[in-house]
Every structure is written in structure tokens, then in C-alpha cells.
**Q** 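Before anything else, here's the structure in question.
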Amino acid sequence: MNGSARFGLWHVHVHWEENMVFRINFMRRPVPGSVPVEISRFLAGISENFGDFRSIGTTADYPFANIYEAVERIEYGKTETYGEIARVTGTHPRLVGLALKRNPTPLLIPCHRIIGKNSIGGFTPDITIKEDLLSLEKRRTKKQK
DNA sequence: CCAGGCTTGGAGG
DNA sequence: CCTCCAAGCCTGG
């Protein structure tokens, strides 16, 4: 299945089958079709998780699966550094950056929660998406308590 | 094969 | 405060 949902100036393209999500991309234009309600609710700041949906990125043989698993464990509204992810996965911060750039499913694998020690770090295709996702989570987390 | 990537910590000025 | 650099390792060219 394919579809897209609006997120600010961007359109989140989702490609999935059953409960397995193969690809999530941020594009400037929409495509026909919608996305799973779990994803649109997350983008709207209504929910904090994706129910039974799984990312292809954390299947055993996928490149960087161990890094993606570590990233997946970061809680909603929290952040971690590239260095810390490198430490727990026994690799190098720079390799973490490489893995995140190749993240097949942003959101499900919350690479936006990884920031640099001295800067926000990067985000492909546009850093403003990362900023918007982080402020969305911060806003909702604050509202919770 | 080889350069370069969403980094980091340390050395040196 | 600043710049410079090595370490780490996977992948596209």
C-alpha cells in the first residue's frame, strides 16, 4: 500500500504491507492514497506510538539493524546523542550518522531524537522537519503532566 | 578499491 | 574561543 499525509510544508510518503513498513519519505508533493491512521495520529500529535506497525529497518539482516533498534528504544519526547548510540551499539558516532541518513523509515525509527552533543545534528532532506518533530513531541509531553 | 558521511573528543593556538 | 584531525566502518561509484 502507498499513500501520503501532510506534515507542515511536507508530505510524508508511506509504503507498507500488512503491519510492515518498508519506506517513509518526506517529499514536497503528495501522492494519491492515505497512510495508516496510526501514522497520521502521530503526525497530528494525538498519539505517541505506531501500534503494531514494524519497520523493515529492525529486521535481523537489515544493514544497521542494531543501530536502528537502539534508536527505537528512545522514548517519545526524549533525545539521545550520536555518541551515546555509538557507545551502546559498540560502534562509532560517525557510523551512527551514516545509518540515520539511510534510515528507511523515519518516525518509526525516530532518528529525529538523535542530536549532536554540541548541535542539533543533521536531517535529510531538511533540518526543519527534525526541529518540527522535536517541538511537537516536547509540546505534547509538556501538556501531558 | 577508495572517499566520504546527520560526529566526537582531544590537542594546539 | 577557535581550527585541525583521527578514529570508525559501510557503501556508491
Side-chain angles (χ1 to χ4, degrees), chain A residues 1-17 19-31 33 35-36 38-144:
Chain A
M1 305 293 297
N2 273 289
S4 69
R6 181 83 178 282
F7 183 67
L9 297 173
W10 294 84
H11 295 271
V12 184
H13 292 210
V14 182
H15 171 42
W16 79 102
E17 242 16 280
N19 71 335
M20 177 65 79
V21 181
F22 297 104
R23 199 68 59 173
I24 293 181
N25 292 307
F26 292 90
M27 312 286 259
R28 301 315 295 261
R29 316 220 76 90
V31 289
V35 305
E38 286 82 350
I39 291 177
S40 52
R41 288 169 64 85
F42 181 94
L43 291 171
I46 297 170
S47 76
E48 302 187 358
N49 59 68
F50 302 96
D52 292 328
F53 284 94
R54 298 280 171 269
S55 168
I56 185 75
T58 46
T59 54
D61 52 344
Y62 202 88
F64 305 120
N66 59 328
I67 293 177
Y68 296 141
E69 279 165 18
V71 173
E72 242 182 10
R73 283 187 224 112
I74 305 170
E75 289 176 43
Y76 189 95
K78 300 201 172 170
T79 58
E80 204 56 88
T81 62
Y82 294 93
E84 179 61 11
I85 298 299
R87 197 184 63 75
V88 300
T89 55
T91 185
H92 193 275
R94 202 151 177 196
L95 197 60
V96 174
L98 182 61
L100 297 188
K101 184 178 180 183
R102 305 228 167 111
N103 183 0
T105 64
L107 305 182
L108 259 68
I109 296 168
C111 58
H112 57 282
R113 293 179 197 147
I114 314 295
I115 58 179
K117 189 180 183 186
N118 303 300
S119 75
I120 190 174
F123 194 93
T124 305
D126 194 310
I127 192 64
T128 61
I129 297 171
K130 188 178 192 173
E131 294 166 348
D132 290 346
L133 287 169
L134 286 173
S135 63
L136 168 74
E137 296 195 1
K138 191 173 297 182
R139 201 159 55 239
R140 175 178 167 80
T141 304
K142 193 174 295 182
K143 202 184 296 180
Q144 290 290 301

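Here is how names work: the chains are called A, B, and so on, in the same order as the sequence lines, proteins then strands, and each is numbered from 1.
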**Q** Calculate the interatomic distance between A:Ile114 atom CD1 and B:dG5 atom C1'; express it in whole Å.
**A**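 One finds 16 Å between C1' of B:dG5 and CD1 of A:Ile114, rounded.
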**Q** Which comes earlier along DNA chain C counting from the 5' end, the contact point of A:Arg102 or that of A:His92, where each point is its nearest nucleotide?
**A** A:His92
**Q** If you check every side-chain atom of A:Tyr82, which of B:dT7, B:dG9, C:dT11 has the closest atom?
**A** B:dT7
**Q** Grab the CD1-C1' distance between A:Ile85 and B:dG5 for me, whole Å please.
**A** 18 Å
**Q** With respect to the side chain of A:Thr91, which nucleotide from C:dC9, C:dC10, B:dT7 is positioned closest?
**A**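 The closest nucleotide is C:dC9.
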**Q** Is B:dG10 paired to anything, Watson-Crick or G-U wobble with both distances less than 3.5 Å, and if yes, which nucleotide?
**A** C:dC4
**Q** In whole angstroms, how far is the P atom of B:dG10 from the CG atom of A:Asn118?
**A** 12 Å
**Q** In whole Å, I'd like the distance from the CD1 atom of A:Ile120 to the P atom of B:dT7.
**A** 12 Å
**Q** Taking CD1 from A:Ile115 and C1' from B:dT8, how many angstroms apart are they, rounded to a whole number?
**A**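 Rounded to the whole Å, the gap is 14 Å.
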**Q** Quick one: sort the A:Phe42 and A:Tyr76 rings into parallel, tilted or perpendicular, breaks at 30° and 60°.
**A**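 Correct class here is perpendicular.
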**Q** A:Arg94 or A:Glu84: which one's nearest nucleotide on DNA chain B is closer to the 5' end?
**A**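 Counting from the 5' end, the first nearest nucleotide belongs to A:Arg94.
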**Q** Among C:dC10, B:dT8, C:dG8, which nucleotide has an atom closest to any side-chain atom of A:Leu95?
**A**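 In terms of side-chain proximity for A:Leu95, the closest of C:dC10, B:dT8, C:dG8 is C:dC10.
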**Q** Mind checking whether A:Met20 and A:Ile56 have side chains closer than 4.5 Å, heavy atoms only?
**A** yes
**Q** Does some side-chain heavy atom of A:Pro125 sit less than 4.5 Å from a side-chain heavy atom of A:Trp10?
**A** yes
**Q** Within the side chain of A:Asp132, is there an N or O that forms a donor-acceptor pair under 3.5 Å with the backbone of A:Gly8?
**A**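 Looks like no, no N/O pair under 3.5 Å.
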**Q** Under 4.0 Å between a side-chain N/O of A:Lys117 and OP1 or OP2 of B:dG9, yes or no?
**A**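 Looking at the OP1 and OP2 atoms of B:dG9, one of them is under 4.0 Å from a side-chain N or O of A:Lys117.
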